[in-house]
Amino acid sequence: MTSRPVADEGSSLSMEMVMIDRNEERLEQAPPDEAPVFEAPARGSADELLDAGAHGELDAMRHSAAHVMAEAVVDLLPGAKLGIGPAIADGFYYDFELPRPLTPDDLAAIEERMRASVAADHPFVRGELAAAEGRAFFEGRDQPYKVEILDDLAARAAAAGEAPAPVSTYTHGPFIDLCRGPHVASTGRIGPFRLLSVAGAYWRGRSDRPMLQRIYGTVWPTQQELDAYLWRLEEAKRRDHRRLGRQLDLFSFHDVAPGAAFWHPKGQTLWRTLEDAMREEQRRRGYLEVSTPMLVHRRLWERSGHWDLYQEHMFQLESEGQVYSLKPMNCPESTYIYRARKRSYRDLPLRLAEYGRLHRNELSGTLSGLLRVRQFVQDDAHIYCRPDQLQAEIADLLDLNQAVCRWFGFVPRYRLGTRPDKALGDPALWERAEASLLAALEASGQSFRVEPGEGAFYAPKIDILIDDALDREWQTATIQADLVMLPERFDLTYTDEHGAEQRPVTVHRAIYGSLERFIGVLLEHFAGALPFWCAPVQAVVVSIATRHETAARELGTLLVDRGLRVEVDDSDLRMQNKIRLAEEQKVPVMLVLGDREVEGGTATVRRRGQPPGEQETIGWEELAKRLAAEAAARRPS
RNA sequence: GCCGACGUAGCUCAACUGGUAGAGCAGCGGUUUUGUAAACCGCCGGUCCUGGGUUCGAAUCCCAGCGUCGGCUCCA
């Protein structure tokens, strides 16, 4: 399954965003070795195909499917120029320059043509050409992108002082392609497949190069696996947070504010509940909450470096000849609170939390529901501490993150990103910061992965990833140990016990990341059926007939008084309909009141989806106690 | 921003090749008082995204803008 990109506003607390737009050429693989043709088992036996499904072979099958697709496209659209066609997670794609835009009908025709090629069971045959020969060959076939690839390979070899290596080709039936391989033995070994979509894609991912047409497809060893994958795509659509947001009346988007959500009462209630839970957790951990201005003079951004490096993402306004910007990050302003008075070593650590509303001018084409927005709120905090306190602070953050993950049943994974090539500050400081992060991770007992060079340019960081119910990976929290940017650019100091001025260390961190995005992830993970503790409506009181309405309202009032979010459905709908509506709204608890219950001062508790036989009828007082306890426990169901 | 698709009632969707917009749900009014996922009847509801153009005539065709969706990261 294709995961969403993990780098977005949730992960970039600070200047990191500046560095994301990296267009460095990725190093291409060395020249082709003897690339094996996999000997896949004969087609037709699902078990054998499954057994043979070693990762490399599945990739070979996917890559082979890309070739077959290219064959079909070249056949149906003469003059097609070929880009690249790799295997990717769950499938493959191929990029083409075509005489006209593709339509969904074309996909069906291409698919059909592919099936014919698979049925023909053409063997894949490897060939080899000297570099110059290869270039002439593809030049002669009017394939400029292939020629460019060969030129790059030759240039790279020349730069390394080597002669260009021979290049390999793969032919199946009528189709020949420049290709490193490997492939399956023949087209007949390609499993069940499906073409999925057409999309534009810049040649080599660079916006200054031509826009090609990319066709995505998926292929699997067995029909069951294909079906399971297609089901997962369907399920993802059903769980789409944009659809759920409308269905559950949580938020909406309107064209007057692209990239910014309008929060409806229930959505705002969910938001508030998440925020309040975090506040409570932070209060126990010694945080203080602050709030800084949203509209700030350019002087601040010049000092922080954003003006140079991040200006294109900042919304600017002018007033009385002065230029201001909506803040895209909280960190620079946080330092003004730190510096508002002299700080003593006794003040540290100083943990300043801020639920700041941020604006970033993202490209219009990248906006996507709550997951990619122009306006959002981070559960941000900046921790100012002495260097010797750093490790303990990181440990506390890991613990905080664990606690928050438990509220939702998420199992976090950790990734430590260390000093990148381009980094600010003294390497010795970096080593200390990295050692603190590493020690804290080790002490936490959690497993983690080190990714060398993946830190922010001013700080090593720990990114925290979670998998949702559909096995998609999301980055939520990030923790960055900044010894350089805030402390030095903003000249932060404290006075130590000997009266000397010292430089503090800062930590940038967010646990939910952006509230918008986190809510989007929650909705998709739970398919809208949120845990009791954070559900916007925790219970609906369902009265059966008019004569039960008074009791229903009394019960509703009692539960609301106990701090629960409860609605009373005293409409004249039949109870079946009331239950249906509550189920559709994913309300966790329905409390049924009829003659029996009113008589006994009880209510029948129907949990979301629970059949009547399993329902319990209990007294109001007991019910209120149990529900309040359940809400306070913040369990993930 | 770029490529492509899409934009009809609050929501989900119809309207053959251009002939003047329709259904279900929701909402509103009534009837109904019901025991675990839809009671019945009626009513209201549309600048067919916006602005130009072609045409006797445009939701439908053309151009521009806005918005949404899928991508633009997987490297022969």
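Keep in mind it's a predicted model, so treat the numbers as computed, not measured. Order of the sequence lines sets the chain letters (A, B, ...), proteins ahead of strands, with each chain counted from 1.
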Next item on the list: Mark yes when over 12 heavy atoms from residues, nucleotides or ligands other than A:Arg194 sit less than 6.0 Å from its CZ; otherwise mark no.
Entry: no
Checklist line | Interatomic distance at C1', B:C74 relative to B:A59, whole Å | finding: 41 Å
Note to self: Can you pull out every side chain to side chain donor-acceptor pair (under 3.5 Å) where at least one residue sits in residues 257-266 of chain A? Sequence neighbours excluded, please.
What the structure shows: A:Ser252-A:His264
Next item on the list: Name all pairs fulfilling the salt bridge (Lys or Arg N to Asp or Glu O under 4.0 Å) condition that reach into residues 168-178 of chain A, sequence neighbours left out, sorted by first residue then second.
Entry: A:Lys146-A:Asp177
Next item on the list: Could you pull out all residues at least two apart from A:Tyr93 that satisfy ring pair (Phe, Tyr, Trp, His ring centres under 6.0 Å)?
Entry: A:Tyr216
Next item on the list: Establish, with yes or no, whether the OP1 or OP2 oxygen of B:G1 is under 4.0 angstrom from a side-chain nitrogen or oxygen of A:Ser207.
Entry: no
Next item on the list: Give a yes or no on whether a donor-acceptor pair under 3.5 Å exists between the nucleobase atoms of B:G1, that is its base, and the side chain of A:Tyr202.
Entry: yes
Checklist line | Check: A:Glu71/A:His172 side-chain N/O donor and acceptor closer than 3.5 Å | finding: yes
Check: Hey, would you say the A:Phe92 and A:Tyr94 ring centroids sit under 6.0 Å apart?
Finding: no
Checklist line | Distance, rounded to the nearest Å, where A:Leu150 contributes CG and B:C75 contributes C1' | finding: 14 Å
Notebook entry, point to check: Is the phosphate of B:C69, meaning OP1 or OP2, less than 4.0 Å from a side-chain N or O of A:Arg243?
Noted result: no
Item checked: B:A21 versus B:G53 - spacing of their C1' atoms, nearest Å -> 23 Å
Notebook entry, point to check: Using a cut-off of 4.0 Å on non-hydrogen atoms, how would the nucleic acid contact of A:Gly369 be classed: base, sugar-phosphate, or nothing?
Noted result: sugar-phosphate
Next item on the list: To the nearest Å, give me how far apart CG (A:Asp177) and P (B:C75) are.
Entry: 16 Å
Notebook entry, point to check: How is A:Arg214 classified with respect to the nucleic acid when contacts are heavy atoms under 4.0 Å: base, sugar-phosphate, or nothing?
Noted result: sugar-phosphate
Next item on the list: For A:Tyr145, enumerate each residue passing the ring pair (Phe, Tyr, Trp, His ring centres under 6.0 Å) test, keeping only those at least two apart in sequence or located in another chain.
Entry: A:Trp203
Check: Expressed in angstrom and rounded to an integer, what is the separation of A:Leu367 atom CG from B:C72 atom C1'?
Finding: 14 Å
Next item on the list: Name the pairing partner of B:U34, where a pair is Watson-Crick or G-U wobble with both distances under 3.5 Å, or state none.
Entry: none
Checklist line | For B:C6, the Watson-Crick or wobble counterpart (both distances under 3.5 Å) | finding: B:G67
Item checked: Spacing between A:Leu102 atom CG and B:C3 atom P, to the nearest angstrom -> 15 Å
Notebook entry, point to check: How close or far is atom C1' of B:A26 from atom CZ of A:Arg580, stated in whole angstroms?
Noted result: 12 Å
Next item on the list: Answer yes or no on whether A:Arg62 is positioned over the face of A:Trp220, meaning its NZ or CZ is under 6.0 Å from the six-membered ring centre and within 45° of the axis.
Entry: yes
Just the atom pairs and distances: protein N or O near nucleotides 59-64 of chain B's N or O, under 3.5 Å.
none

Check: In whole angstrom, what separates A:Phe138's CZ from B:A76's P?
Finding: 13 Å
Next item on the list: For A:Lys146, report the nucleic acid contact type (base, sugar-phosphate, nothing); a contact means any heavy atom under 4.0 Å.
Entry: sugar-phosphate
Note to self: Return the pairing partner of B:U55 with a 3.5 Å limit on both distances, Watson-Crick or G-U wobble; otherwise return none.
What the structure shows: none
Notebook entry, point to check: Given that A:Pro258 and A:Ser197 both sit by RNA chain B, which one's nearest nucleotide is further toward the 5' end?
Noted result: A:Pro258
Margin query: Please report the distance separating the P of B:C16 from the corresponding atom of B:G22, rounded so that it comes out in whole Å.
Written below: 13 Å
Checklist line | Between B:A76 (P) and A:Arg156 (CZ): distance, integer Å | finding: 11 Å
Note to self: Test of understanding: with ring pair (Phe, Tyr, Trp, His ring centres under 6.0 Å), list the residues that count as partners of A:Tyr202, not counting sequence neighbours.
What the structure shows: none
Notebook entry, point to check: Counting heavy atoms not belonging to A:Glu614, are there more than 12 under 6.0 Å from its CD?
Noted result: yes
Item checked: Nucleotide nearest A:Ile88 when distance is taken to its side chain, options B:G70, B:C74, B:A76 -> B:C74
Notebook entry, point to check: Below 4.0 angstrom from OP1 or OP2 of B:A39, is there any side-chain N or O of A:Asn577?
Noted result: yes
Checklist line | Charged N-O contact under 4.0 Å between A:Glu454 and A:Arg415 | finding: no
Checklist line | Donor-acceptor pair under 3.5 Å, A:Glu597 side chain vs B:G35 base | finding: yes
Margin query: Between B:U8 and B:U12, how far apart are the two P atoms, rounded to whole Å?
Written below: 8 Å
Notebook entry, point to check: If you look at every strand shown and take non-hydrogen atoms under 4.0 Å, does A:Gln615 touch a base, only sugar-phosphate, or nothing?
Noted result: base
Next item on the list: Tell me which nucleotide among B:C72, B:G70, B:G1 gets nearest to the side chain of A:Ala201.
Entry: B:C72
Next item on the list: Assign A:Thr103 to base, sugar-phosphate, or nothing according to its heavy-atom contacts below 4.0 angstrom with the strands shown.
Entry: nothing
Note to self: Just to be sure I understand the rule, does A:Thr366 reach a base, reach only the sugar-phosphate, or reach nothing, if contact means heavy atoms closer than 4.0 Å?
What the structure shows: base
Note to self: Please report the distance separating the P of B:G18 from the corresponding atom of B:G46, rounded so that it comes out in whole Å.
What the structure shows: 28 Å
Notebook entry, point to check: For B:G1, what is the paired nucleotide under Watson-Crick or G-U wobble rules, both distances under 3.5 Å?
Noted result: B:C72
Check: Which part of the nucleic acid, if any, lies within contact of A:Ala87, taking any heavy atom under 4.0 Å across all strands shown: a base, the sugar-phosphate backbone alone, or nothing?
Finding: sugar-phosphate
Check: Residues two or more places apart in sequence or in another chain: which of them pass ring pair (Phe, Tyr, Trp, His ring centres under 6.0 Å) with A:Phe138?
Finding: none
Note to self: By nearest heavy atom, map A:Val256 and A:Arg246 onto RNA chain B; which one lands nearer the 5' end?
What the structure shows: A:Arg246
Check: Contact class for A:Tyr145 vs. all strands (heavy atom < 4.0 Å): base, sugar-phosphate, or nothing?
Finding: nothing
Check: With both distances kept under 3.5 Å, what pairs with B:U60, Watson-Crick or G-U wobble?
Finding: none
Item checked: A:Pro101 side chain, from C-beta outward: closest of B:A76, B:G4, B:G70 -> B:G4
Item checked: Distance below 4.0 Å between A:Arg606 side-chain N/O and B:A37 OP1 or OP2 -> yes
What nitrogen or oxygen pairs link the protein and nucleotides 27-34 of chain B at under 3.5 Å?
residue : atom : partner  : partner atom : Å
B:U31   : O4   : A:Asp572 : OD2          : 3.2
B:U32   : N3   : A:Asp572 : OD2          : 3.3
B:U32   : O4   : A:Asp572 : OD2          : 2.3
B:U33   : O2   : A:Thr546 : N            : 2.9
B:U33   : O2   : A:Thr546 : OG1          : 3.0
B:U33   : N3   : A:Thr546 : OG1          : 2.6
B:U34   : OP2  : A:Arg547 : NH1          : 3.1
B:U34   : OP2  : A:Arg547 : NH2          : 3.3
B:U34   : O4   : A:Asp572 : O            : 2.7

Item checked: Identified pairing partner of B:C11, criterion: Watson-Crick or G-U wobble below 3.5 Å -> B:G24
Notebook entry, point to check: Which pairs count as salt bridge (Lys or Arg N to Asp or Glu O under 4.0 Å) when at least one residue sits in residues 566-577 of chain A, sequence neighbours excluded?
Noted result: A:Arg553-A:Asp570
Note to self: When the C1' atoms of B:A26 and B:C43 are compared, how many Å lie between them, rounded to an integer?
What the structure shows: 14 Å
Next item on the list: Quickly work out the A:Tyr216 OH to B:C3 C1' distance and round it to whole Å.
Entry: 12 Å
Next item on the list: With C1' as the reference atom in both, quote the distance from B:C28 to B:G65 in angstrom, rounded to an integer.
Entry: 37 Å
Next item on the list: Can you tell me, in whole Å, how much space there is between the C1' of B:C6 and that of B:C48?
Entry: 14 Å
